[in-house]
There are 2 protein chains.
Amino acid sequence: MQDHSVHVQCGDCPIRHRAVCARCETDELNRLEQIKYYRSYQAGQTVIWSGDRMEFVGSVVTGIATLTQTMEDGRRQMVGLLLPSDFVGRPGRPTAAYDVTATTDLVMCCFRKKPFEDMMATTPHIAQRLLEMTLDELDAAREWMLLLGRKTAREKIASLISIIARRDAALHLRRPAAALSVDLPLTREEMADYLGLTLETVSRQISALKKDGVITLTGNRHVTIPDLDRLMEEAGDDSDGGMLV
Amino acid sequence: MQDHSVHVQCGDCPIRHRAVCARCETDELNRLEQIKYYRSYQAGQTVIWSGDRMEFVGSVVTGIATLTQTMEDGRRQMVGLLLPSDFVGRPGRPTAAYDVTATTDLVMCCFRKKPFEDMMATTPHIAQRLLEMTLDELDAAREWMLLLGRKTAREKIASLISIIARRDAALHLRRPAAALSVDLPLTREEMADYLGLTLETVSRQISALKKDGVITLTGNRHVTIPDLDRLMEEAGDDSDGGMLV
DNA sequence: CCCGTCGTTTGATTTGCGTCAAGGACCATA
DNA sequence: TATGGTCCTTGACGCAAATCAAACGACGGG
């Protein structure tokens, strides 16, 4: 399983960062220290509403946020999941076509747009790193398109769990071990929004996977995966797909 | 309808370019002339196979290409449509997670990766423009995720037609007029792959839209749209969605 | 001219998932 | 202990789209 991300490890950070790192003190990124600030959000709080013209660029330090799009009649589709080290925001243009919501308590490291853009202009590394990260997200989005368009409900659930497990492992610098164990950071309804299903179907398929021994549940949220390969097979991924969200 | 793309118009080019422009002779991009070359492909020919490590970065000059992902059992999902001025390729990392196929005869303008990356490092504008374009693609991909996950078959078809119509209008510098007329560049099967449907369903829904007077067909491929607003309403988009692929 | 193939349309039938509905587990507050 | 809330599970039923199947028009070659 190859890793498509640019990871930066440094100092006393426990995690590898894929984004402009808020806590690292390396090379040219140091200069960003001068223009950064932090924001905290409570679980359920809206970070950006799709009507806003987002005026900052930021990366998640702790917690989880989601990007969702909503149709007039209320149908919702999650289109992105922001885990620690991911970034949001669009240097260059004032755009936010979707809602960003904190699903857990959330701390973000933000940069005001204008100075950030100036920084990009004078420091090619930043623009390039951002480009890398955006291309990663694009790859992930395309993987999701395959999931949404062609996978069955069971495969969708298996995919989601395996992705969360792998992201979690990558974040904590663990090799994906034989047996993994993760907390699902989403409610059944949020999973449904992510997968293009209803929450009932999500619940049913999770039960089915449990019954078939692909996963075991302790409580509603904690999943342990006895055999990751088995799970990925259920997910319908060719074994070596480079899907790291 | 706001336009999210970076458009460059210049000289004798009949179209506005969103990508690194192959035929334009403006500012710092001039230097790219020294390292660029052209490639031609016939309709149906494979540009990149997902196993390749793509060794160039390029943009479409004429013709249409598609990005597709395939599951082991043959289920296919199109994840991108490359129209003139779009680019493919990933500076920085050797990656190609999907097939790129020419659906019409195709001419691409290519740059070898290494010199292109050097250029990016010394010329911040290029990295920034590429970032802009990638963010546009990401927005488009997210719009597609909503389509794939939550829209009905009829809405999917209406969305596809309206997107092609609007891209076409943007490409030819026309304002989206009251009545539009476009050639569908895809077969029913390709549309099905794009929309996460079967070709039978695509055919049925096109017939239904025709019967209801939302579109009219001349031949199999040529669509005229008497009322774009009506079509967009059928597509389920809020009237002003900035969906420009 | 017939006779392939390819892209398309249309019909009949099946099925996976959505919808509607009821109830259980858990927690906080009264 | 009762009471309401949130989140989750499970069952019964219906429908939209998939599947299976047949046939049509356009095109090219022998």
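Small disclaimer: the values here were computed from a predicted structure and weren't measured. Chain A is the first sequence line, chain B the second, and so forth, proteins listed ahead of strands; every chain is numbered from 1.
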* Structure fact -> Here the distance between atom P of C:dC17 and atom CG of A:L195, to the nearest Å, is 12 Å
* Asked: Counting distance only, does the side-chain N/O of A:Q69 pair as donor-acceptor with the main-chain N or O of A:M78 below 3.5 Å?
  -> no
* Structure fact -> Rounded to whole Å, NZ of A:K156 lies from P of C:dG16 at a distance of 14 Å
* To do: Rounded off to whole Å, could you give me the CG-to-C1' distance for the A:D73 and C:dT19 pair?
  => 15 Å
* D:dC8 phosphate, OP1 or OP2: any side-chain N/O from A:R221 under 4.0 angstrom? -> yes
* Asked: Per the side chain to side chain contact (heavy atoms under 4.5 Å, CB included) rule, which among B:V223, B:L180, B:I161, B:I157 passes with B:L231?
  -> B:I161
* To do: Could you tell me the separation between the CD atom of B:Q205 and the P atom of C:dG11, rounded to a whole number of Å?
  => 14 Å
* Are OP1 or OP2 of D:dC7 and a side-chain N or O of A:T187 less than 4.0 angstrom apart? -> no
* Base, sugar-phosphate, or nothing for B:L197, non-hydrogen atoms under 4.0 angstrom? -> sugar-phosphate
* Quick one: label A:G219 by what it contacts on the DNA or RNA (base, sugar-phosphate, nothing), any heavy atom closer than 4.0 Å. => nothing
* Options D:dT9, D:dA18, C:dT9, nucleotide nearest the side-chain atoms of B:N220 -> C:dT9
* **Pair listing, side-chain hydrogen bond (donor to acceptor under 3.5 Å, both in side chains) test, anchored in residues 211-224 of chain B, at least two apart** => B:R154-B:D212, B:S181-B:H222, B:D183-B:H222, B:T216-B:T224
* Structure fact -> Walking DNA chain D from its 5' end, the first of A:S207 and A:R150 to be reached, judged by nearest nucleotide, is A:S207
* Does the base of D:dC20 carry an N or O that pairs as donor and acceptor with the side chain of B:E200 under 3.5 Å? -> yes
* Under 3.5 Å donor-acceptor pair, A:R204 side-chain atoms to C:dG16 base atoms -> no
* Asked: Are OP1 or OP2 of C:dC17 and a side-chain N or O of A:T198 less than 4.0 angstrom apart?
  -> no
* Nearest-neighbour nucleotide for the B:S203 side chain, D:dC8, C:dT9, C:dC17 considered -> C:dT9
* Between B:E200 and B:R204, does at least one N-O distance fall below 4.0 Å, as a salt bridge requires? -> no
* Asked: Please give, in whole Å, the distance from D:dA18 P to B:R75 CZ?
  -> 13 Å
* Donor-acceptor pair (no angle test) under 3.5 Å: A:R188 side chain, D:dT10 base -> no
* Asked: CG of A:L199 versus C1' of D:dC8: gap in Å, rounded?
  -> 8 Å
* To do: Check step by step if side-chain contact (heavy atoms from CB on, under 4.5 Å) holds for A:F87 and A:T134.
  => CA-CA 9 Å; A:F87 86 104; A:T134 307; 3.7 Å; yes
* Structure fact -> In whole angstroms, the gap separating P of D:dC8 from CG of A:L217 amounts to 11 Å
* Structure fact -> When rounded to whole Å, the CG to P distance for the pair B:L186 and C:dT8 reads 10 Å
